[in-house]
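Just so it is clear, the model here is predicted, and its values are computed rather than measured.
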Amino acid sequence: MMPQPNIAAVAFLIADPARVAMLSALLDGRARPAGELAYAAGVTAQTASSHLGKLLTGGLLAVETEGRHRYFRLAGPHVALALETLASIGPAEPVRRKPLTREAHKLRFARCCYDHLAGRVGIAVTHGMLEKGFLVAAEQKRFELTPAGAEWFGRMGVNTAGIRPTRYGLARQCLDWTERQHHLAGPLGVHFTNLLFAEGCIRRSPSSRAVDVTPKGWKMLKDHLGIQEQALL
C-alpha cells in the first residue's frame, strides 16, 4: 500500500483562525517575533506560543534565534504557495457584508506573495511581459523565457543566464488569490521583484505585505511595459 500524505494534519493546523492570521502575516517572506504575531492574531502571548509550537512541529514554520529573541518565518515558498492556493478556492466574487478596508484594498492592489510581486500590479506586470513577447505561457504552469525576454531582463539588470532554475523551471505561473489570474513567480519572478525593490520602484509596507509603487516605479512600468497607474485603480 502506497503511503498517503497527511493532508488532514496540515489542514487541521491551517483551519484555526488565529494560526491563519499568523501564517498570513508571514506571507511576505519576512521573519517576525512571537509578540508581533500574537498581535496580528489578536491572542495573548501564551496562546500565541502554543500556536507557534504546533505550526513548527507541523512543518509550516521555521524559527531563527538572535540572542534572547526568536523570529518565525514560513518554512519555505511551498508553504506560501499552499496558502495562496487555498485562498483562491471559493466564489470568484464572494458576497461581502461590508466594504473592504483600506488595508485590504492595498493588499489587493499590490503585495508580496512570499518572495515575488502579486496583486493587480503583479498581474499587470505579467500581462505586459506576455504581450511584449518576453514570456510565453507553457505547460505545467510554467512560463518560458524568450530570447527577447532574456535581452530585456538583461537591460533591466537581471542576468537570466546566471539564475539557477528550480525543479519547476526558471519562471512559474502562480495563481493570484485576489485576481484569480496567474502572475510571475519562480526564480525569475524573485529576481525581478528584488530588482524593483533595489531600484526604488516599489517599497514595502512596514505593517503588512502590501507594497507601494513609487513614482519612479510607475514611470518604469509605463516606459517598459505600457502599464498606466490610472488603468489599475
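Rounded to the nearest 0.5 angstrom, L184 CG and C174 SG are separated by 9.5 Å. Atoms CZ and CG, from R204 and D28 in turn, are 6.0 Å apart once rounded to the nearest 0.5 Å. With rounding to the nearest 0.5 Å, the separation of CD in E229 from NZ in K222 is 11.0 Å. L81 contributes atom CG, which lies 11.5 Å from atom CG of L74 (distance to the nearest 0.5 angstrom). Rounding to the nearest 0.5 Å places CH2 of W152 at 11.0 Å from OG1 of T146. One finds the CD atom of E179 at 11.5 Å from the OG1 atom of T126 (value rounded to the nearest 0.5 Å).
For K54 (side chain) and L13 (main-chain N/O), no donor-acceptor pair under 3.5 Å exists by modelled atom type. Using a distance-only test at 3.5 Å, with no hydrogens or angles considered, no donor-acceptor pair links the side chain of R209 to the main chain of Y114.
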Please step through salt bridge (charged side-chain N to carboxylate O under 4.0 Å, His left out) for the pair D176 and R111, ending with a clear verdict. CA-CA 11 Å; D176 196 289; R111 66 182 181 277; 2.9 Å; yes

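With a 6.0 Å cutoff to the six-membered ring centre and a 45° limit on the axis angle, R19 counts as a cation-pi contact of F12.
Taking 4.5 Å as the limit, every side-chain heavy atom of L196 sits out of range of all side-chain heavy atoms of V125.
More than 12 non-hydrogen atoms from other residues, nucleotides or ligands lie less than 6.0 angstrom from CH2 of W218.
If you run side chain to side chain donor-acceptor pair (under 3.5 Å) between E64 and each of R73, R70, H69, only R73 comes through.
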